[in-house]
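Right, one structure below, let's go through it.
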Amino acid sequence: MRGGTYRSRPAASRENGRGASRAGPRLNDTLHNWGARHLQTFFYALGQMWRRPAAALMTAAVIGIALALPAGLHVGLKNVQHVLAGWDGATQVSLFLTANTDEASATDLRNQLEAQSGIAGVDYISRENALLEFRRLSGFGEALDALEENPLPAVLVVRPALSHNSPDQVEALLKEMRALPSVELAQLDMQWVKRLFALMEIGQRGVWVLAGLLSLAVLLVVGNTIRLSIQNRRDEIVVTKLIGGTDAFIRRPFLYTGFWYGLFGAIIAAVLVQASLAVLSGPVRDLAALYNSSFRLDALNAATAGLLLLSGTTLGLLGSWFAVGRHLRDIEPT
Amino acid sequence: MIRFTDVSKRYPGGYEALRGVDFHLAPGEMAFVTGHSGAGKSSLLKLIALIERASSGQVLVGGQNLARVKPRHIPFHRRRIGIIFQEHRLLFDRTVFDNVGLPLIISGHNRSEVERRVRAALDKVGLLDRARSFPVTLSGGEQQRVGIARAVINRPQLVLADEPTGNLDPDLSREIMEIFRDFNRVGVSILVASHDLDLIRKMPHRILRLDQGRLASDIGVTV
């Protein structure tokens with residue numbers, strides 16, 4: 001054979017390429033064209049989707065809804081945490097004073113506590129007031145009448161300052177106050193906050209589990225779409241293989257298609273979450289106003305939106321990668 | 001260019017398409033492979049293009065033992081062979097220009113090179129004015145010429161054609177064969193599978209006749 005040795009290796013075309021253009025393009029050109037080709041295929045895949053917008057939109061919408069659910073819940077939880085951060089200030093410690101503490105020393109103690117930097121305020125509830133309150137709220141008024149004297153102790157309600165609000169600091173304060181001679185019992189009303197945080201933790205985990213499951217759903221949706229697309233273009237794949245297309249060349253447009261589906265799905269998800277927040281924001285503001293709070297729903301922030309886009313495109317690429325790996329191998333010319 | 005040494009091809013299920021075939025096609029030679037349908041013509045071409053692999057015996061193409069070509073190197077083997085099919089196998093969602101240019105795009109040539117060579121190839125098969133048309137708007141003979149332009153765009157040393165005139169009338173068939181002879185004149189080795197004996201006997205080329213997978217006769221002029 002003329003024109004040098006005949007080899008069927010890719011390197012041959014590059015080594016011989018400089019002089020003998022018949023063997024293939026030059027290395028420089030090859031590298032330059034490789035990038036251009038990628039870019040072209042990238043947009044070619046987009047064009048292919050554009051040619052059937054309804055089908056593409058439906059697939060992207062399914063992906064979008066699947067992504068919107070965990071993303072929306074995540075944003076919702078973030079908002080609840082935001083609210084709770086404000087409620088943390090509601091932590092208070094009740095100091096039940098010993099029976100022999102009279103009103104004067106109770107007031108002394110109160111002033112002494114209020115002067116501490118870690119304490120925002122102290123309310124004094126005298127034995128009489130405590131009795132009135134108990135009578136009013138408990139419904140055991142008549143039972144109390146049967147008693148000869150007031151069984152209730154005086155109480156100092158201590159509100160820790162916002163700056164000394166962490167569980168550790170409150171715990172330390174509690175210990176300190178327990179040691180006071182005139183304090184019979186110091187009780188921290190924080191149990192419910194702890195419970196709420198535990199519930200939030202469960203919610204957070206739940207969101208992750210849901211996100212995992214729905215990610216799997218996105219993988220399957222993209223995988224299935226790509227599988228159908230591979231089957232539709234079976235003839236094209238066969239012809240391309242027959243005229244020397246490598247697997248990488250054939251794989252490329254399908255991978256980019258997966259990427260685009262993931263990206264569009266993520267954008268749809270972001271829009272859905274944002275729209276839902278907009279719909280909810282009015283009623284939430286009204287509710288907050290009823291609690292004298294100026295709380296506003298936080299919108300999707302840049303970090304979350306970025307994460308959403310990143311996971312969408314990654315899932316799209318992964319899904320098409322699996323589909324292509326599984327189904328392209330089966331198509332060989334006969 | 002092509003050397004078959006005691007080549008057999010047995011398909012799963014026991015059907016023997018080729019049995020002990022020996023022949024040599026010299027570089028620059030043009031030959032026809034003929035025989036009844038099922039005689040093994042297509043199988044023989046498929047072995048050369050590595051669409052199938054021989055069950056036994058040795059197939060050399062351009063000095064390369066095809067048994068040693070790994071699956072991932074098959075695309076690069078095929079780029080050195082122009083293949084023409086009876087059913088054309090064009091992509092119907094792309095223009096004639098894009099169909100012909102596909103092999104160059106696959107092997108990574110730049111745009112201007114693709115443009116230039118596609119025009120030259122279309123000019124050679126007389127379809128330059130149809131570059132922007134879609135294959136469905138072309139006649140059978142024109143579609144086959146697009147297939148030929150695509151097969152030769154990479155300037156292969158070897159062109160294989162499987163029943164290239166199978167669906168064409170005698171005049172068009174002769175035209176197609178003349179195109180092959182033109183390529184052969186500039187040094188390209190050509191192997192055409194055809195059962196159109198009336199046509200190929202009129203041409204001064206070697207004829208390999210297959211019968212039930214065996215090489216029954218090997219007659220004609222060696223160029």
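Here the structure is a predicted model, which means the values were calculated and not measured. Quick note on labels: first sequence line is chain A, next is B, and so on, each numbered from 1.
Residues Leu242(A) and Phe85(B) are in side-chain contact: their nearest non-hydrogen atoms beyond the backbone lie under 4.5 Å apart. Side-chain atoms of Ile243(A) and Arg150(B), non-hydrogen and from C-beta on, do get closer than 4.5 Å to each other. Counting heavy atoms from C-beta on, the side chains of Pro333(A) and Arg78(B) come closer than 4.5 Å. At least one side-chain heavy atom of Ile105(B) sits less than 4.5 Å from a side-chain heavy atom of Phe249(A).
Few gaps surround NE2 on His38(A); more than 12 heavy atoms of other groups in view lie less than 6.0 Å from it. With a 6.0 Å radius and a threshold of 12 heavy atoms from other residues, nucleotides or ligands, Arg53(B) has its CZ atom above the threshold. More than 12 heavy atoms of other shown residues, nucleotides or ligands fall within 6.0 angstrom of atom CZ in Arg185(B). Atom CZ of Arg3(B) sits in a sparse spot, with 12 or fewer heavy atoms from other residues, nucleotides or ligands closer than 6.0 Å. Around CZ of Arg111(B), the count of heavy atoms belonging to other residues, nucleotides or ligands within 6.0 Å does not exceed 12. The number of heavy atoms from other shown groups lying within 6.0 Å of CZ (Arg252(A)) is above 12.
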From CA spacing to verdict: side chain to side chain contact (heavy atoms under 4.5 Å, CB included), Arg233(A), Asp93(B): CA-CA 10 Å; Arg233(A) 296 170 68 185; Asp93(B) 61 339; 5.8 Å; no
Side chain to side chain contact (heavy atoms under 4.5 Å, CB included) between Asp235(A) and Phe92(B), worked out: CA-CA 10 Å; Asp235(A) 292 343; Phe92(B) 287 92; over 6 Å; no
Stepwise side chain to side chain contact (heavy atoms under 4.5 Å, CB included) test for Ile51(B) and Glu332(A): CA-CA 8 Å; Ile51(B) 296 168; Glu332(A) 280 294 335; over 6 Å; no
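The shortest non-hydrogen separation linking Ile106(B) to Gly245(A) is CG2-CA, 3.5 Å.
Heavy-atom distances place the side chain of Arg51(A), and not its backbone, under 4.5 Å from chain B.
Annotation: the span from Leu90(B) atom CG to Glu236(A) atom CD amounts to 12.5 Å, rounded to 0.5 Å.
A donor-acceptor pair is defined here as one N or O able to donate and one able to accept, closer than 3.5 Å; no such pair exists between the side chain of Arg89(B) and the backbone of Val239(A).
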